[in-house]
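All heavy atoms count here, side chains included; hydrogens, waters and symmetry mates do not.
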Amino acid sequence: METLSIDILTKKLKNAPQSVLERVIGYADALLESQEDHSFVLSDDQKKILLKQNNVPLEDCTEAHLVYENLKNKYGL
């Protein structure tokens, strides 16, 4: 299936102008970037700084990616 998809894409883009190829490459890069895992882990020192700033227990915090997903869902993005 993967080879077939690449073959189809190659045929479609064979005679495409450079501007179209650049747009396709940009689109492919954006798709692949959106699939990357952007997770991170706070060090113990970073956790202490965060707790001092807000005085909120970590258990009461919401992970940023969940807030982002909720906003996207709320506004239909």
Would you be so kind as to tabulate the donor-acceptor pairs closer than 3.5 Å made by side chains of residues 40-47, with sequence neighbours excluded?
| unit_1 | atom_1 | unit_2 | atom_2 | d |
| --- | --- | --- | --- | --- |
| Ser43 | OG | Gln46 | N | 3.1 |
| Ser43 | OG | Gln46 | OE1 | 3.4 |
| Gln46 | OE1 | Ser43 | N | 2.7 |

### Qualifying salt bridge (Lys or Arg N to Asp or Glu O under 4.0 Å) pairs, either residue in residues 11-29, two or more places apart
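Matches after skipping sequence neighbours: none remain.
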
### Partners passing salt bridge (charged side-chain N to carboxylate O under 4.0 Å, His left out) against Lys72 (at least two apart in sequence or in another chain)
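Residues passing salt bridge (charged side-chain N to carboxylate O under 4.0 Å, His left out) with Lys72: Glu69.
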
Drop me the distance from [X]'s [atom1] to [Y]'s [atom2], to the nearest 0.5 angstrom.
| X | Y | atom1 | atom2 | result |
| --- | --- | --- | --- | --- |
| Ile8 | Leu13 | CD1 | CG | 11.5 Å |
| Tyr68 | Leu77 | OH | CG | 7.5 Å |
| Leu21 | Asn15 | CG | CG | 10.0 Å |

With [X], which residues qualify under side-chain contact (heavy atoms from CB on, under 4.5 Å), at least two apart?
| X | value |
| --- | --- |
| Glu59 | Pro57 |
| Thr10 | Ile6 |
| Tyr27 | Leu31 |

